[in-house]
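Okay, handing you the structure first.
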Amino acid sequence: MIKLQGISKTFPPDLKVLEGIDLEVAASEWVWLMGEMGIGKSVLLKIIYGVEEPTEGTVRVLEEDVHELKESELARLRRRLGIVFQDIRLFEDRTAADNISMVLRALGESKLDAREKTEQWLETLGLKELAERRTFELSVGQRQKVALARALAKQPELLLLDEPFSALDEKQTRQMLKMLGKFNHKGLTIFGVSHEQEILNFLPGRILNLTSEGIS
Amino acid sequence: MSSGFVFNEGSRLFFKGRRISFAAAAIFAVVLSIVGIFALGTFYLLEFRQDIEERLEVVVFLEPGADAEAILPDIVRLEGVASDSAVTSGQALEEFRRTLGEDAKLLDILDENPLPASIRIKLTPAYRSRAKLEELEENLGLFEGVDEVWIDRNLIDKLNRFLFILLGADAFVLLIVGFSAVLVTMLATRFSIIDRRRIIDLYWLMGVAPRTLRAPYVVEGLYEGFFGAVVSYGIILVLHLLLSGLLEGVSFPCWEIACILAGSGLAFGWIGSGLAIDSFKLKRK
């Protein structure tokens with residue numbers, strides 16, 4: 001599902017963030033990459049999603065060489081992936097429901113299907129009451145949930161999560177993990193990154209550590 | 001590509017977007033009005049030419065003593081002849097008198113009628129060209145009793161020359177104003193893209209196809225062209241109403257003008273926005 005080989009990333013002029021990273025995530029696996037802040041977890045996630053180019057190494061996601069893809073091919077790959085960014089990235093002046101339905105419409109869903117799926121995912125994530133609230137009126141935690149609903153509504157084969165629970169309390173985090181567990185059991189591959197050591201105790205799946213020496 | 005999404009986004013860009021779309025449509029209206037004025041002038045001239053052509057007559061002067069009535073049935077059978085009528089020398093003199101008006105008494109000093117009998121021929125539309133007229137002239141000259149065949153070919157030539165020049169001017173104006181319209185749309189589209197860069201990037205991150213992201217800007221360009229055309233149509237119609245007082249009997253070529261303005265507007269909008277989105281690259285980051 002994900003195969004990283006010899007990934008290095010240096011930001012100009014000479015800020016080395018990642019070096020020689022190898023990683024494999026199998027289909028239907030749930031993997032958490034832990035590590036302290038600034039170690040390069042988000043950069044690695046962005047490299048997997050094709051948002052950042054690695055300085056060295058190859059990235060294969062769903063059998064595609066991410067950084068060799070053309071614009072249209074990359075878009076096609078991203079349709080099969082779901083992502084929640086650390087900085088959330090929502091349409092700020094639109095409602096929570098719009099944030100999901102607009103993306104579904106742009107991906108080719110009919111208006112009716114997009115509306116039905118949006119309602120379904122907002123309900124699943126416990127956001128039904130907030131559907132018509134504009135996203136800038138929501139708390140960070142609620143915004144994270146909207147981003148997660150948007151990612152899941154695409155029915156991805158692989159879900160990438162960047163600090164997805166950073167603004168949720170323990171109870172909400174457990175609820176989200178339980179819900180994601182159900183999707184994982186149905187075959188969804190999940191790769192998440194987090195720096196919060198306190199949630200380690202109840203994180204499911206394989207847990208890896210990213211340090212300056214690499215992944216252990 | 002999701003056509004519903006593309007159309008909705010394109011409409012949103014134009015109607016709910018920034019004032020730049022409306023400013024572009026206004027510039028389109030001015031530019032297309034110039035195109036419309038030239039088109040209207042050309043249609044007036046075409047109508048005038050048609051009117052002249054319908055009145056165009058070939059006059060066959062007969063030799064003294066020739067029997068016009070005997071030649072008439074043979075002439076009407078010729079290709080290109082719509083109708084013919086005989087004019088006796090007496091009728092010709094009477095007509096000439098009417099033309100001269102008060103000066104007609106000058107004719108009284110003549111001992112005899114100098115005007116010959118003639119046959120006047122109306123032409124079918126296909127025979128209103130110079131080449132066909134010459135062919136007809138040759139055929140008419142073969143008839144016994146025909147002295148001379150007279151055609152006012154200079155008028156047709158002048159009209160055709162003027163029409164040719166006007167059509168050339170039309171093409172030139174279309175090219176120049178078209179270039180300006182394309183530039184305006186390019187600028188408007190670029191502003192629109194810059195204004196919505198964050199939204200485009202977000203859609204792109206969610207896996208929306210590049211074609212789906214770019215197409216709404218073409219729809220916006222088409223809207224600008226179309227609304228510019230609608231306004232310019234109104235302007236040309238008002239201009240025609242003002243001119244129709246001066247130019248009696250001219251009709252307004254509503255469909256032709258509408259097609260020219262809408263066609264030009266849509267084409268310029270499409271080309272301009274197409275060029276703008278062509279140079280727009282999606283960010284990897």
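On a predicted model such as this, the values are computed, not experimentally measured, just so you know. Labels below follow one simple rule: chain letters A, B, ... track the order of the sequence lines, proteins then strands, and each chain is numbered from 1.
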Answer yes or no: are there more than 12 heavy-atom neighbours, outside A/E36 itself, under 6.0 Å from its atom CD?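 Incorrect, the count does not exceed 12.
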Pairing of A/E71 and B/R214 as salt bridge, 4.0 angstrom limit: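 Answer for the salt bridge query: yes.
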Would you compute the distance between atom CZ of A/R105 and atom CD of B/E9 and round it to the nearest 0.5 angstrom?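 CD of B/E9 is found 9.5 Å from CZ of A/R105.
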Does CZ in B/F226 sit with more than 12 non-hydrogen atoms of other residues, nucleotides or ligands closer than 6.0 Å?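 No, because the 6.0 Å sphere around CZ of B/F226 holds 12 heavy atoms or fewer from other groups.
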If you count heavy-atom pairs under 4.5 Å between each of A/K111, A/R79, A/R80 and chain B, which one has the most?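 It is A/R79.
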Taking only residues two or more places apart in sequence, or in another chain, which ones meet B/R190 in a salt bridge (charged side-chain N to carboxylate O under 4.0 Å, His left out)?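 In terms of salt bridge (charged side-chain N to carboxylate O under 4.0 Å, His left out), with neighbours along the sequence ignored, B/R190 is linked to no residue.
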So do A/R78 and B/V208 actually touch side chain to side chain, heavy atoms under 4.5 Å?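 They are not in contact (no side-chain heavy atoms under 4.5 Å apart), so the answer is no.
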Is A/L77 in contact with chain B via its backbone, its side chain, both, or neither, using a 4.5 Å heavy-atom distance?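 Neither part.
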What's the shortest heavy-atom distance between A/A75 and B/P210, and which atoms?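 Shortest heavy-atom contact: CB-CD, 3.8 Å.
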Hey, could you give me the CZ/CD1 distance between A/R94 and B/I199, rounded to the nearest 0.5 Å?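 Between A/R94 CZ and B/I199 CD1, I get 7.5 Å after rounding to 0.5 Å.
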Quick check on B/F43: does its CZ atom have over 12 non-hydrogen neighbours (other residues, nucleotides or ligands) under 6.0 Å away?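 Check passes, neighbour count above 12.
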Does the A/Y49 side chain pair with the main chain of B/L205, one donor and one acceptor, at a distance under 3.5 Å?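 Here the side-chain-to-backbone pair exists.
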To the nearest 0.5 Å, tell me how far A/L107 CG sits from B/T212 OG1.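 It is 8.5 Å, given to the nearest 0.5 Å.
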Chain B contact residues among residues 141-163 of chain A, heavy-atom distance under 4.5 Å: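 Near chain B, by residue number: A/R150, A/K154.
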Begin with the C-alpha distance, continue with both residues' side-chain angles, and end with the deciding distance and a verdict on side-chain contact (heavy atoms from CB on, under 4.5 Å) for B/R198 and A/F91. CA-CA 9 Å; B/R198 202 175 165 273; A/F91 299 116; 6.0 Å; no
Just how far is it from atom CE of B/M206 to atom CG of A/L81, taken to the nearest 0.5 Å?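 With rounding to 0.5 Å, CE (B/M206) is 10.5 Å from CG (A/L81).
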Give the table of side-chain donor-acceptor pairs shorter than 3.5 Å for residues 262-273 of chain B, with sequence neighbours excluded, one pair per line with atom names and distance.
residue	atom	partner	partner atom	Å
B/S264	OG	B/I260	O	2.6
B/S273	OG	B/G269	O	2.7
B/S273	OG	B/W270	O	3.3

Does atom CZ (B/F164) have a neighbourhood of more than 12 heavy atoms from anything else shown, all under 6.0 Å?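 No, because the 6.0 Å sphere around CZ of B/F164 holds 12 heavy atoms or fewer from other groups.
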How many angstroms lie between CG in B/D201 and CZ in A/R89, if you round to the nearest 0.5 Å?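 Going from the CG atom of B/D201 to the CZ atom of A/R89 covers 8.5 Å.
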Suppose we screen for salt bridge (charged side-chain N to carboxylate O under 4.0 Å, His left out). Which residues come up paired with A/K3, at least two apart in sequence or across chains?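 Result, salt bridge (charged side-chain N to carboxylate O under 4.0 Å, His left out) vs A/K3: none returned.
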Looking at B/F191, I'd like to know if its CZ atom is crowded, meaning that more than 12 non-hydrogen atoms belonging to other residues, nucleotides or ligands lie closer than 6.0 Å.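 Open: at most 12 neighbouring heavy atoms sit under 6.0 Å from CZ of B/F191.
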Within-4.5 Å side-chain heavy-atom neighbours: B/F5 and A/M102: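 Result no, sub-4.5 Å side-chain heavy-atom pair not found.
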